[in-house]
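Every number for a ligand or one of its atoms is a count from 1 in the order of the listing. What you are looking at is a predicted structure, and each value in this text was computed from that prediction instead of being measured.
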Amino acid sequence: MKPNILVTGGAGYIGSVTVERLLEAGYGVVILDDLSKGHKSAIPDGCRFVEGNIGDTKLVEEALRKNSIDSVIHFAAMSLVGESMERSGDYYSNNVVAGIRLLEAMDATGVRKIVFSSSAGVYGEPETIPISETNRTEPVNVYGDTKLIFERVLSWQSERTALGHISLRYFNAAGASERYGEDHRPESHLIPIALQAAAGKRPELTVFGGDYETPDGTCIRDYIDVRDLADAHIAALAALDAGRSGVYNLGNGEGWSVLNVIEFAEEVTGLTIPRKMGARRAGDPARLVASSSLAESELGWTPRHPELRDMIEAAWKWLKNYPDGYPD
Ligand code: UDP
């Protein structure tokens with residue numbers, strides 16, 4: 001019998017696919033989600049659901065105690081680069097301050113292991129590509145800054161409380177499982193927007209900047225299948241059990257430009273994606289491509305779905321099954 005895991009933000013995009021994998025792997029799962037971004041129908045059968053915020057110490061302590069929680073996987077956060085530049089205060093209070101309340105509740109109940117959903121955004125404009133964990137961390141947007149601060153909080157907390165902590169720095173999550181996919185409202189991510197434009201659900205896609213120093217002038221990102229991200233969380237739980245703490249990149253090591261993504265999406269759908277060139281979006285680095293060799297060697301993790309086409313195909317299949325997203 002595998003132990004019980006508290007998954008904060010388990011009703012969100014990466015959270016729901018990870019919960020699905022945890023259940024398949026035999027873990028007991030309790031989801032804590034305030035449904036500010038998550039969806040009730042993204043919560044699988046077979047897990048417990050506590051509706052609430054990670055900053056509600058009393059509620060979190062009760063959920064940890066009552067369910068004999070062994071470890072926490074912490075997804076719940078605000079996660080939009082553009083929005084973080086407009087609403088910095090909300091980002092620091094949700095992603096940092098409320099996160100600290102979660103750690104206090106863990107400390108009070110003796111829960112000593114956490115997997116934290118961090119981001120490639122901690123690097124800012126990287127000095128070298130591919131980016132390894134030892135690259136300079138100098139975020140160029142508030143979202144990335146909140147993730148870096150919380151990684152540091154974890155590190156300092158562990159000095160005092162022997163907290164085992166693994167921070168997973170995701171590059172660009174993409175794709176879907178059969179049942180769980182990407183449904184942000186409003187949507188701001190490239191792949192779902194491209195597919196919605198292909199399906200005629202939005203008039204066009206705006207390419208945010210064509211004057212970057214990249215071969216086609218558009219930003220380059222490293223897209224990683226959400227199912228592979230889910231696997232990495234299971235690997236991280238095992239590593240925590242083996243006494244490991246650390247910071248790991250999760251990407252494919254390959255970069256695709258915004259125009260590459262649009263081309264693939266047109267090929268997968270067989271449809272034309274209306275687009276226009278727009279201004280740069282604040283806070284966007286030109287190029288983010290990961291080296292994930294540390295996760296491969298220390299967590300024993302390798303992506304099983306490294307092809308961008310497969311990710312877009314999975315996302316397209318999900319969109320066809322859920323044309324209006326989740327029902328709630
Ligand atoms: N992007 C774009 N048009 C859109 C949405 C995104 O050109 O409507 C670009 C964005 O500027 C970035 C890349 O696509 O270079 C990926 O953006 P996304 O928001 O999907 O993920 P992020 O990199 O912000 O985590």
Side-chain angles (χ1 to χ4, degrees), residues 9 12-14 37 75 77-87 91 95 117-126 129-131 139-148 168-176 181-199 201-226 229 249-252 254-266 273-290 308 311-312 314-316 318-319:
Y13 171 41
I14 307 172
K37 296 273 170 15
F75 291 103
M78 296 176 83
S79 61
L80 302 177
V81 167
E83 183 184 65
S84 77
M85 304 301 279
E86 311 282 325
R87 296 174 57 191
Y91 272 69
N95 295 4
S117 170
S118 188
S119 165
V122 300
Y123 295 110
E125 283 289 355
I129 296 278
I131 303 169
V140 291
N141 55 61
V142 169
Y143 168 64
D145 199 36
T146 64
K147 291 291 175 181
L148 183 60
L168 300 176
R169 293 177 174 167
Y170 315 147
F171 283 63
N172 286 60
E182 192 164 9
D183 179 5
H184 301 107
R185 301 186 195 181
E187 189 53 75
S188 70
H189 293 97
L190 179 61
I191 292 177
I193 284 182
L195 296 177
Q196 287 168 3
K201 292 198 155 286
R202 58 174 72 227
E204 64 188 0
L205 176 159
T206 303
V207 177
F208 295 144
D211 57 351
Y212 285 95
E213 279 187 27
T214 58
D216 68 18
T218 66
C219 285
I220 290 178
R221 294 286 179 274
D222 182 340
Y223 293 86
I224 174 84
D225 196 293
V226 67
L229 289 182
N249 286 343
L250 299 178
N252 270 304
E254 207 177 327
W256 290 280
S257 72
V258 174
L259 296 183
N260 293 152
V261 170
I262 297 172
E263 268 165 43
F264 273 119
E266 286 190 329
I273 298 175
R275 86 222 42 183
K276 67 167 193 236
M277 188 56 73
R280 289 183 177 199
R281 184 174 70 176
D284 263 343
R287 206 180 171 101
L288 290 173
V289 179
L308 180 60
M311 300 174 215
I312 295 179
W316 181 234
W318 193 82
L319 183 73

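A salt bridge links R185 with D183: the closest approach of a Lys/Arg side-chain nitrogen to an acidic carboxylate oxygen falls below 4.0 angstrom. Ionic pairing of R275 and E204 is not present here: no N-O contact between side-chain nitrogen and carboxylate oxygen is shorter than 4.0 angstrom. K201 and E187 are not joined by a salt bridge, as no carboxylate oxygen comes within less than 4.0 angstrom of a charged side-chain nitrogen.
Protein heavy atom at the shortest distance from atom 5 (C) of ligand 1 is S188 O, 3.4 Å. With hydrogens left out, the protein atom closest to atom 20 (O) of ligand 1 is L190 N, 2.8 Å, a heavy atom. For atom 24 (O) of ligand 1, the nearest protein heavy atom (residue, atom name, distance) is R281 NH2, 2.7 Å. In terms of protein heavy atoms, atom 25 (O) of ligand 1 is closest to N172 ND2, 3.5 Å.
Using a 4.0 Å cut-off between heavy atoms, V258 contacts ligand 1 through its side chain alone, with no backbone atom that close.
The option from F208, Y223, F171 that lies nearest to atom 13 (C) of ligand 1, judged by heavy atoms, is Y223.
In this structure, a donor-acceptor pair under 3.5 Å is present between the side chains of Y91 and E83. Looking only at atom types and distance, the side chain of Y123 has a donor-acceptor partner in the side chain of R169 under 3.5 Å away.
Contact atoms of ligand 1 toward T206: 2 (C), 3 (N), 4 (C), 7 (O), 8 (O) (distance under 4.0 Å to a heavy atom of the residue). Atoms of ligand 1 lying under 4.0 Å from at least one heavy atom of D284, given by number and element, are 10 (C), 11 (O), 12 (C), 15 (O). Here is the list of ligand 1 atoms found below 4.0 Å of a heavy atom in H189: 18 (P), 19 (O), 20 (O), 21 (O). For ligand 1 and C219, the ligand atoms under 4.0 Å from any heavy atom of the residue are 15 (O). Ligand 1 places these atoms under 4.0 Å from at least one heavy atom of V207: 7 (O).
Between F75 and Y170, the ring-plane angle classifies as tilted under the 30° and 60° cut-offs. Using a 30° and 60° split on the angle between ring planes, W256 and F264 fall in the perpendicular class, above 60°.
Atoms CG and CD1, on L190 and I262 in that order, are 6.5 Å from each other to the nearest 0.5 Å.
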